[in-house]
Amino acid sequence: MYRYDEFDAGFVAERVAQFTDQVERRLAGTLSEDQFKPLRLMNGVYLQLHAYMLRVAIPYGTLSSRQMRCFAHIARTYDKGYGHFTTRQNLQFNWPALKDVPAILRELAAVEMHCIQTSGNCIRNTTADQFAGAAADEIEDPRPYAEIIRQWSSLHPEFSFLPRKFKIALTGAPSDRAAIQVHDIGYQVVKDAMGEVGFAVYVGGGQGRTPLIAHRIREFLPKADLLSYTNSILRVYNLEGRRDNKFKARIKILVHEKGADAIREAVEADFAANHDAGLTLPQGEIDRITAYFTLPDLAARPQVSAAVEARRTSDPAFARFLARNVFPHKVPGHGVLTVSLKPTDGIPGDATAEQMDHLADLAQRYSADELRVSHEQNIVLPHVRLDDLPAIYDSLRANDLAADNVGLVSDIICCPGLDYCALATARSIPIAQAISKRFAEPERTAEIGDLRVKISGCINACGHHHVGHIGILGLDKAGQETYQLTLGGSADERCSIGDITGRGFSAERIVDAVETVVDTYLSHRTGAEESFIDAYRRLGMKPFKEALYVPAA
Amino acid sequence: MTAIVSANLLATGRVAYLGREGAWVEDIAEATVYSDAAAAEAELAAAQQRGGALGVVEPFVTGYTRADHRTLPEGRPTMALRDAIRAFGPTVGYGRRAEQGD
Ligand code: SF4
């Protein structure tokens, strides 16, 4: 795994010292809130409804057992014993006291983590496929490039005051698990006709109040030009992006207003003019960073594990777990295991300190000391031996972590909503809980098959509702929580924005509405092999709308 | 409608209310209830004037009647849901009620 170099360690230590002093001055009253607020935000400290919230970046979603244990320790010592994994591959602590934040930042720095650039109009945590470096379907691990972008963009003077925040995501596989088409820039590792590996470049995607799908502005970018090209995109955005209206300041609006062709031309012109040696990546540097991400030494093993097969036939729950939670690994005899943080009636993305410690133990023992966080708010053990799966499964079960629902209707993405968030217009967690209870029967959810439900508590769309197969947006209509339903969104390589079904539903009715949608799908699908999203694309909105809005008799 | 002054405590971030003798209290039951929003605004301004708001952030006035909090969280509050959640904690656990063990 990547380790901080001296530069990182130096700037993080310096920043912690600086912020410690700023907190002291704020508490002593020599800094006003107006002066302090931008400083705390630069260090990931938000003020939410009940308390401060501290957002910790987990670069490209990769962390070690040691780092996970540090989260557990912080949760226990300074918080209420849990943390929340977000759709941005960050971890949020919901209850830290401001006076404790310097100590927390020192604890994080000791395990090479920080909260810098988790807020503000800068380049945010670069996210990546949670299966990166492990998945069998991958062309190449995108994380070295995410790390190169992270290093380059950290405290970048030119890009610290962009018109708005800026999010970059990478995937190394043709199946997009990182939702790159709804990011400001998405890089997809591709191979050209000559077999050379580089990137396809997507620009101008985003969610929020104006959801837009990114445009592919370049088919193939050589690896060496990654920073140079990113720089050109950012320069065009920094110069031309709107600063007059917060809601129109993201690059997606610029791309939308000027057109993808105009943006491509502007970026290519800047790239041609400034394609200087300064940002061209030397192969030696790519190799140096890549060395941190080499696959752990996993010896190939038999593709079929006798231990797994024996258990599979005798234990239906284990069989479901295998079917949903284990993904093929590059190395035969291994698997990429997703641990669902979506138990029935749970809070999506929440993990207790005990669960974090437990996951760290499992990673240390069974997964080369590595964990991942997915944008779907689950945890991944990327390198497990198939033979170990029965033992891991039993251990997960004992810690309420064995939900066998990855990618199913109850594996819900959900933002904190009005239970925590100062910007929310309605609650989202109770809706997720109610849906998970309605679909708690594992045979039934397995029968329904792939179905992504995503819930946001306001138009900012942190819960990715626009790209949910079923999306739910919580709104406030004259003091009442109201839920708008969208269908047909998708965050993968066939990215689409969902269509609104019609008028919204009350908190009491929204779960019934979701069930109506599911039942309508089941009765219209050509067979179990036609997934919800495929059926929706074939059928369109009509049958769903008819079922949802039955005229009063 | 009667009103209260709320804010978050600077040091901890926890929700607080302007209570008796200008003290900030964490329990909404101890909040001073003013006759209307204008009276609450005046009280907040006075507190700010004498430096009585230095220990809090983002103070604001919101409508509240004493009967409200007895209806929570089961009954539908007449206070805004947001204010009710601030007063009693997340409706999904970890709130004041959870801490108090009820
Ligand atoms: S979508 Fe809205 S309510 Fe949910 S976390 Fe984001 S800002 Fe808060």
Side-chain angles (χ1 to χ4, degrees), chain A residues 23 26-34 36-37 40 45-54 78-82 84 94-101 345-348 350 352 414 416-434 457 474 476 479-481 507, chain B residues 1 4 6-17 24-28 44 47-60 62-65 68 71-101:
Chain A
V23 169
R26 176 69 186 109
L27 291 173
T30 53
L31 281 180
S32 70
E33 185 60 16
D34 284 349
F36 180 68
K37 188 175 174 182
R40 71 166 156 76
V45 183
Y46 289 72
L47 183 63
Q48 293 285 44
L49 290 180
H50 314 285
Y52 292 101
M53 178 270 278
L54 181 67
Y78 304 99
D79 206 279
K80 293 195 180 189
Y82 70 105
H84 177 73
N94 288 312
W95 305 90
L98 180 61
K99 58 185 172 53
D100 291 335
V101 170
D345 203 21
I347 297 179
D350 272 16
T352 64
C414 178
L418 191 56
D419 281 298
Y420 292 96
C421 181
L423 302 173
T425 41
R427 286 175 295 168
S428 47
I429 297 168
I431 305 302
Q433 290 174 319
D476 176 347
Q480 298 291 323
E481 290 170 298
Chain B
M1 187 183 186
I4 51 176
S6 186
N8 291 75
L9 296 175
L10 169 62
T12 62
R14 297 307 168 89
V15 174
Y17 302 93
W24 291 92
V25 296
E26 290 191 47
D27 188 344
I28 195 168
L44 172 58
Q48 283 168 324
Q49 194 75 43
R50 60 172 189 268
L54 290 175
V56 299
V57 278
E58 301 186 4
F60 65 99
T62 187
Y64 174 76
T65 58
D68 278 344
T71 66
L72 282 167
E74 297 78 15
R76 184 160 285 282
T78 51
M79 70 205 286
L81 182 59
R82 177 190 167 92
D83 289 339
I85 288 174
R86 285 183 80 254
F88 299 99
T91 62
V92 293
Y94 303 114
R96 291 180 63 83
R97 296 175 59 86
E99 276 169 15
Q100 288 157 7

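So that the names make sense, note that chain A is the first sequence line, chain B the second, and so on, each numbered from 1. On a predicted model such as this, the values are computed, not experimentally measured, just so you know. Note that these values count all heavy atoms, side chains included, but never hydrogens, waters or copies made by symmetry.
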For A/R427, all residues meeting side chain to side chain donor-acceptor pair (under 3.5 Å), sequence neighbours excluded: A/E481, B/T91
Contacts of type salt bridge (Lys or Arg N to Asp or Glu O under 4.0 Å), residue A/E33, not counting sequence neighbours: A/R26, A/R40
Shortest non-hydrogen contact between A/D419 and B/I85, atoms and distance: O-CG2, 3.8 Å
Which portion of A/P96 sits near chain B, non-hydrogen atoms under 4.5 angstrom: backbone
Close side-chain approach of A/Y52 and B/L9, heavy atoms under 4.5 Å: no
Side chain proximity check, B/N8 to A/Q48, heavy atoms < 4.5 angstrom: no
Contact class of A/Y82 relative to chain B, heavy atoms under 4.5 angstrom: side chain
Close side-chain approach of B/Y94 and A/D79, heavy atoms under 4.5 Å: no
Residue selection (most heavy-atom pairs with chain B, distance under 4.5 Å) from A/L47, A/L27, A/I347: A/L47
Structural part of A/D34 lying under 4.5 Å from a heavy atom of chain B: neither
A/L49 side chain near B/V15 side chain, heavy-atom distance below 4.5 Å: no
Whether B/R82 side chain and A/A422 backbone form a donor-acceptor pair below 3.5 Å: yes
